[in-house]
Q: 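Following this message is one structure expressed as structure tokens.
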Amino acid sequence: MSERISRHGERSGGRGVLEERYRRWLRLLPASYRAEREEEMVSAFMEGAQPGRTGNDDQRPRFLEIASVAALALRLRLGGPGSPPGSYLWGEAVRRAALLGLVFWTVLAGLYAGQAVLTYGIPVDALPDGVMGIGDPGSPDRMRLVLADLTPLLWVAALGALVRGRARTAKAAAIAALVVPYVPAPPFILGWESAVRWACSALPAVVTVLALAIGFHRDAPPPRLPVRPALLMLVLPIAVGLLLSLVVGVLGAATRAGTISERLLIPVWMWVDTTGLACLSLLAVAVWCVIRRWTPGRPVAPVALAAAILTVPVALARATTWPLGVADATRLAATLQLAVLVASGITLVVIGVRALRAVDGGLTEVRGQPG
């Protein structure tokens, strides 16, 4: 192996610029892996270099070579069972982030589906005026709105596929859930302002899909729950979403009937939109982690790190979509949400950092033993 590298060095005048560039990219890999495989990988890359490339200062590694190294680095640093404790902890954190994200979006799928039934599935005569939304029954507008409310059910399909061990199906369904709603009107054709607002509001969903894509690689098999636990994993979030849709429907009906002042409900609406519900969910996870942290033999490091990962895009979405030119109550609710997200995020990071230090110190909390 070393003889082949030395032959490349002789042909290119020393180690060669191209070889040095390969070595720089290989620094993405963990040090322990490089110590065992770096020379072998450099040799293979140099052997596969096109004739005349070695020794040319203007030559660089090919894109596919860089992509393969980056993919390998991700797979090693987000390790599966049998990986070093630190890599396994980060891998579990990303995988839990994907699972928590899918559960949250499944709740929203239940919420939107319930709203669709309440809005479009009940005869007109049974509802007050104005409840049926835009578009006459049977019109293209009505169909478009119904499909928009039912599209989030793709998140349910993604969660169901994941808990049954079908990671590829889960990834395809999650990507479809993220992309399909914007196919009729892509954000970038609506102007820069709309595109930026979409990007900020879509960050939590994008992070969920990314965590799913990179966390469940070939060395980290997805969870394969029995049928009943997997069904329960789907039914509970959907039931919560349907309950929320009833609450929203009752509050909306009370507002239209004049029973409750719309001004009083302005702060409430801020807590039942996507960002508000995400804020409450992350707060609940943070409280659960704090309580569980003090229970012997109950490691929470992967969940804490997972929730911390999800807190970042939600906080960015809240901060970059700040309600301007609206009532003081709305701004107060947004400020409170951001404060809750920051406090929850700090708490989760502290728990996760302590777990990482425990791993570095040789403890095995992430493996399920008392820390």
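Hydrogens, waters and symmetry mates play no part in the numbers below; they use all other heavy atoms, side chains included.
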Q: May I ask you to test the Arg354-Arg357 pair for a side-chain heavy-atom distance under 4.5 Å?
A: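 No, side chains not in contact.
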
Q: Just do the side chain to side chain contact (heavy atoms under 4.5 Å, CB included) check on His217 and Leu74 with the steps written out, would you?
A: CA-CA 9 Å; His217 47 76; Leu74 272 177; over 6 Å; no

Q: Give, for atom OG1 of Thr311 and atom CZ of Arg318, the distance between the pair rounded to the nearest 0.5 Å.
A: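 Here the interatomic distance stands at 14.5 Å.
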
Q: Short question: side chain of Arg95, backbone of Leu212 - any donor-acceptor pair under 3.5 Å?
A: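 Here the side-chain-to-backbone pair does not exist.
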
Q: Please determine which of Leu102, Leu162, Thr106, Leu99 meets the side-chain contact (heavy atoms from CB on, under 4.5 Å) test together with Met233.
A: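 Of the listed residues Leu102, Leu162, Thr106, Leu99, the side-chain contact (heavy atoms from CB on, under 4.5 Å) partner of Met233 is Leu99.
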
Q: What do the steps show when you test Leu78 against Asp219 for side chain to side chain contact (heavy atoms under 4.5 Å, CB included), and what is the final call?
A: CA-CA 9 Å; Leu78 304 178; Asp219 296 333; over 6 Å; no

Q: Give the C-alpha distance, both sets of side-chain angles, the deciding distance and a yes or no for side chain to side chain contact (heavy atoms under 4.5 Å, CB included) between Val107 and Trp155.
A: CA-CA 9 Å; Val107 171; Trp155 293 109; over 6 Å; no

Q: Does a side-chain heavy-atom distance below 4.5 Å link Arg37 with Leu72?
A: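 No; the side chains remain at least 4.5 Å from each other.
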
Q: Report yes if the side chains of Val272 and Val247 come closer than 4.5 Å at any heavy-atom pair, otherwise no.
A: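 Not in contact.
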
Q: Side chain of Ser68, backbone of Glu65: donor and acceptor closer than 3.5 Å?
A: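 Here the side-chain-to-backbone pair exists.
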
Q: If you measure from CG on Leu280 to CG on Leu341, what distance do you get to the nearest 0.5 Å?
A: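 Going from CG on Leu280 over to CG on Leu341, the span is 9.5 Å.
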
Q: Can Leu348 be reached from Val94 by stepping across I, L, V, M, F, W or Y side chains whose heavy atoms are under 4.5 Å apart?
A: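 In one cluster with Val94: Leu348, no.
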
Q: Has the side chain of Ser245 got a donor or acceptor atom that lies under 3.5 Å from a matching backbone atom of Leu242?
A: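 At least one qualifying donor-acceptor pair exists.
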
Q: Would a distance-only check, ignoring hydrogens and angles, find a side-chain to backbone donor-acceptor pair under 3.5 Å from Gln337 to Met270?
A: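 The answer is yes, because a donor-acceptor pair under 3.5 Å joins these two groups.
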
Q: Just do the salt bridge (charged side-chain N to carboxylate O under 4.0 Å, His left out) check on Glu19 and Arg23 with the steps written out, would you?
A: CA-CA 6 Å; Glu19 180 182 334; Arg23 292 185 183 277; 3.1 Å; yes

Q: Do Leu244 and Leu277 have side chains that approach each other closer than 4.5 Å (heavy atoms only, starting at C-beta)?
A: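 Side-chain contact under 4.5 Å: yes.
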
Q: Could you tell me the separation between the CG atom of Leu310 and the OG atom of Ser281, rounded to the nearest 0.5 Å?
A: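 Answer rounded to 0.5 Å: 10.0 Å.
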
Q: Given the rule that I, L, V, M, F, W and Y join up when any side-chain heavy atoms are under 4.5 Å apart, are Val103 and Leu178 in one cluster?
A: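 Yes, because Val103 and Leu178 connect within a single hydrophobic cluster, where side-chain heavy atoms sit under 4.5 Å apart.
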
Q: Consider only side-chain heavy atoms of I, L, V, M, F, W and Y, link residues closer than 4.5 Å, and tell whether Ile351 and Trp288 are in one cluster.
A: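 Yes: a chain of side-chain contacts under 4.5 Å links Ile351 to Trp288.
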
Q: Apply side chain to side chain contact (heavy atoms under 4.5 Å, CB included) to residues Val69 and Tyr22 and explain how you reach the verdict.
A: CA-CA 10 Å; Val69 172; Tyr22 278 126; over 6 Å; no

Q: Does the side chain of Val248 come within less than 4.5 Å of Gln115's, by heavy atoms?
A: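 When only atoms from C-beta onward are counted, Val248 and Gln115 do touch, with a gap below 4.5 Å.
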
Q: Measuring only between side-chain heavy atoms, which start at C-beta, is Trp105 closer than 4.5 Å to Leu154?
A: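 Counting from C-beta outward, Trp105 and Leu154 never come under 4.5 Å.
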
Q: Look at the side chain of Arg218 and the backbone N and O of Arg75, then say whether any donor-acceptor pair between them is shorter than 3.5 Å.
A: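 Absent.
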
Q: Output yes when a side-chain donor or acceptor of Arg164 lies under 3.5 Å from a complementary backbone atom of Arg224, and no otherwise.
A: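 Judged by distance alone, no pair lies under 3.5 Å.
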
Q: Does Val349 belong to the same Ile/Leu/Val/Met/Phe/Trp/Tyr cluster as Val285, with side-chain heavy atoms less than 4.5 Å apart forming each link?
A: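 Hydrophobic grouping puts Val349 apart from Val285.
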
